[in-house]
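Note sheet for the following structure.
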Amino acid sequence: MADTDRIEVLTAAKLWPPMMESLRGAYAVHDRIHESDPAAFAAAAPRIRAIAASGESKVPRELIAQLPRLEIVSVFGVGYDGVDVAAARERGIAVTHTPNVLNDEVADLAMALVLAVSRRLVEADRHVRSGAWANGPMPLARKVSGARMGIVGLGRIGMAIAKRAEAFGMSIAYTSRNPRPEAPYPYFASAEALAREVDFLVVITPGGAGTRKLIDAKVLAALGKKGYLVNVARGSVVDEQALVAALRAGTIAGAGLDVFENEPNVPNELLALDNVVLTPHVGSATWQTRQAMADLAFGNLTAHFAGQPLLSPVP
Ligand code: 8YV
């Protein structure tokens with residue numbers, strides 16, 4: 001039962017336990033009762049003043065409408081495509097996220113997936129463990145150093161990926177909604193035009209309606225049978241059906257995927273393919289980075305309820 005002297009907070013995700021502990025230390029926390037316990041939610045809703053969400057959370061207009069005292073949605077994650085920001089703004093509800101603190105981590109994972117899929121690391125591990133090595137060597141891999149990388153979405157994380165790719169002697173080009181004059185890389189107006197010119201297409205653009213299925217069959221065809229796709233953004237940005245078809249037909253060479261359309265469900269066709277490396281949305285998942293994200297997400301709530309400026313409101 002909530003202690004009503006305390007500010008009441010609803011969580012909209014299964015949050016990282018240390019983050020949960022911080023929240024419980026400072027607030028009366030209702031853990032996802034809107035999903036699990038309609039009666040408890042109906043009773044608490046008039047008192048709830050904050051939502052603590054994750055990058056994958058859904059905070060739709062309908063949920064916001066049920067919370068008359070809601071003041072802030074604090075997202076534990078940089079992506080906030082699941083939050084109806086327009087609905088929040090209409091009511092003057094603040095929305096915050098955790099930019100910057102995870103740039104390095106997600107960029108590291110993007111490079112790890114580039115290397116893993118092209119150098120066939122997961123297949124190679126299986127080759128050793130299964131004893132297949134005794135029967136012969138692995139098929140050859142694809143060289144990464146000096147290859148051409150195309151980045152879809154040259155924001156903060158995209159720039160961190162570019163910096164790493166430069167250290168591998170890769171050439172870099174990008175597409176994004178608008179060119180970034182300060183970026184020293186060639187700009188392409190579309191993902192399709194970019195895909196035609198690169199060996200690795202790395203997707204790190206925000207999710208949401210504006211980028212839904214941006215990477216479609218045409219873009220994959222342009223990437224070509226020697227090209228690799230890496231997605232560390234949102235599953236919604238890639239047409240997963242088209243990707244499965246391209247991988248099965250050999251229209252592209254392979255894919256490294258950290259995100260999927262309907263997490264945690266991954267299409268069986270993907271599970272069956274050797275030319276893909278799959279990770280379970282772990283872009284920011286290290287102790288160090290999750291702690292930094294928790295500090296920032298919690299810090300935004302603290303600042304708000306202390307009447308101080310927010311640390312990292314969404315743009
Ligand atoms: C998640 C993410 O927030 O930052 C994002 O946008 O997708 C991730 O960092 C994280 O998995 C917490 O759920």
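Heavy-atom basis, side chains included; hydrogens, waters and symmetry copies ignored.
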Checklist entry - Looking only at heavy atoms, which two atoms of Ile72 and Thr96 are closest? And how far apart? => result CD1-CG2, 4.2 Å

Item to check | Side-chain touch Ser284/Val101, heavy atoms, less than 4.5 angstrom | outcome: no

Checklist entry - Is there a donor-acceptor contact under 3.5 Å from the side chain of Tyr187 to the main chain of Ser176? => result yes

Item to check | All side-chain contact (heavy atoms from CB on, under 4.5 Å) counterparts of Glu56, not counting sequence neighbours | outcome: Ser54, Glu263, His281

Checklist entry - Do any pairs count as a salt bridge (Lys or Arg N to Asp or Glu O under 4.0 Å) and have a residue in residues 64-87, sequence neighbours left out, and if so which ones? => result Arg49-Glu71, Arg61-Asp84, Asp81-Arg234

Checklist entry - ring pair (Phe, Tyr, Trp, His ring centres under 6.0 Å): which pairs involve residues 205-227, sequence neighbours left out? => result none

Checklist entry - Is any side-chain heavy atom of Val219 less than 4.5 Å from a side-chain heavy atom of Val152? => result no

Next on the checklist: The test is side chain to side chain contact (heavy atoms under 4.5 Å, CB included); show your working for Glu35 and Lys58 and say whether it passes.
Outcome noted: CA-CA 11 Å; Glu35 290 167 1; Lys58 300 271 174 285; over 6 Å; no

Next on the checklist: Distance check, rounded to the nearest 0.5 Å: Asp258 atom CG versus Ile204 atom CD1?
Outcome noted: 9.5 Å

Checklist outcome for this item: Residue pairs meeting salt bridge (Lys or Arg N to Asp or Glu O under 4.0 Å), one or both in residues 187-206, sequence neighbours left out, come to Arg142-Asp199, Arg148-Asp199, Glu192-Arg196

Checklist entry - If you look at every heavy atom in Asp31 and Ser36, which pair is closest and at what distance? => result O-OG, 4.4 Å

Pair up each side-chain donor or acceptor in residues 235-256 with any protein partner under 3.5 Å, not counting sequence neighbours, and list the distances.
unit_1: Asp239; atom_1: OD1; unit_2: Gln241; atom_2: N; d: 3.2
unit_1: Asp239; atom_1: OD1; unit_2: Ala242; atom_2: N; d: 3.2
unit_1: Glu240; atom_1: OE2; unit_2: Glu261; atom_2: N; d: 2.9

Checklist entry - Are Ile7 and Phe298 joined in one hydrophobic group, where the rule is that I, L, V, M, F, W and Y side chains link up if heavy atoms are under 4.5 Å apart? => result yes

Next on the checklist: By the salt bridge (Lys or Arg N to Asp or Glu O under 4.0 Å) test, which pairs, at least two apart or in different chains, include something from residues 108-117?
Outcome noted: Asp108-Arg164

Checklist entry - Just by distance, do the side chain of Thr211 and the backbone of Leu214 share a donor-acceptor pair under 3.5 Å? => result no

Item to check | Fellow cluster residues of Leu10, listed by chain then number, with links counted only when side-chain atoms sit under 4.5 Å apart | outcome: Ile33, Phe41, Ile48, Ile51, Val59, Leu63, Ile64, Leu67, Leu70, Val73, Val75, Tyr80, Val83, Val85, Ile93, Val95, Val314

Item to check | Qualifying side-chain hydrogen bond (donor to acceptor under 3.5 Å, both in side chains) pairs with a residue from residues 122-139, counting only residues at least two apart or across chains | outcome: Arg120-Glu123, Asp125-Arg129, Arg126-Asp274

Checklist entry - If every non-hydrogen atom of Ala191 is compared with every non-hydrogen atom of Ile215, which pair is closest and at what distance? => result CB-CD1, 4.1 Å

Next on the checklist: Would you compute the distance between atom OH of Tyr185 and atom CE of Met159 and round it to the nearest 0.5 angstrom?
Outcome noted: 5.0 Å

Checklist entry - Partners of Phe168 by ring-ring contact (aromatic ring centres under 6.0 Å, His included), sequence neighbours excluded? => result none

Next on the checklist: Distance check, rounded to the nearest 0.5 Å: Asp295 atom CG versus Thr98 atom OG1?
Outcome noted: 11.0 Å

Next on the checklist: For the CG atom of Leu270 and the CG atom of Leu273, what is their distance to the nearest 0.5 Å?
Outcome noted: 6.5 Å

Item to check | From CG (Leu154) to CD1 (Ile161), nearest 0.5 Å | outcome: 9.0 Å

Item to check | Shared hydrophobic cluster, Met149 / Tyr174 (ILVMFWY, side-chain heavy atoms < 4.5 Å) | outcome: yes

Checklist outcome for this item: Value for CD (Glu105) from CE (Met293), rounded to nearest 0.5 Å, stands at 9.5 Å

Checklist entry - Does one hydrophobic cluster hold both Val277 and Val230, with members joined at side-chain heavy-atom distances below 4.5 Å? => result yes

Item to check | Nearest atoms (heavy-atom pairs only) where Ala165 meets Ile172 | outcome: CB-CD1, 4.0 Å

Checklist entry - In terms of hydrophobic clustering (I, L, V, M, F, W, Y; side-chain heavy atoms under 4.5 Å; direct or indirect links), are Val259 and Ile157 co-clustered? => result no

Next on the checklist: Looking at Thr289 and Ala285, would you say the former's side chain and the latter's main chain have a donor-acceptor pair under 3.5 Å?
Outcome noted: no

Checklist entry - Which atom names give the shortest non-hydrogen contact between Asn300 and His97, and what distance separates them? => result ND2-O, 3.7 Å

Checklist outcome for this item: Closest non-hydrogen atoms of Ala110 and Val202, given as atom of the first, atom of the second and distance, are CB-CG1, 4.3 Å

Checklist entry - Does a sphere of radius 6.0 Å around CG in Leu271 hold more than 12 heavy atoms from other residues, nucleotides or ligands, not counting ones at 6.0 Å or beyond? => result yes

Next on the checklist: Between Ser118 (side chain only) and Val144 (backbone N and O only), is there a donor and an acceptor less than 3.5 Å apart?
Outcome noted: no

Next on the checklist: I'd like to check Leu23 versus Met20 (side-chain heavy atoms, cut-off strictly below 4.5 Å). Are they in contact?
Outcome noted: yes

Next on the checklist: Just to verify, what does Glu182 make a side-chain contact (heavy atoms from CB on, under 4.5 Å) with, not counting sequence neighbours?
Outcome noted: Arg180

Checklist entry - Does Phe76 have any ring-ring contact (aromatic ring centres under 6.0 Å, His included) partners at least two apart in sequence or in another chain, and if so, which? => result none

Item to check | hydrophobic_cluster_shared for Val117 and Leu113, side chain cutoff 4.5 Å | outcome: yes

Checklist entry - So which pairs with a foot in residues 207-265 pass ring pair (Phe, Tyr, Trp, His ring centres under 6.0 Å), sequence neighbours left out? => result Phe200-Tyr228

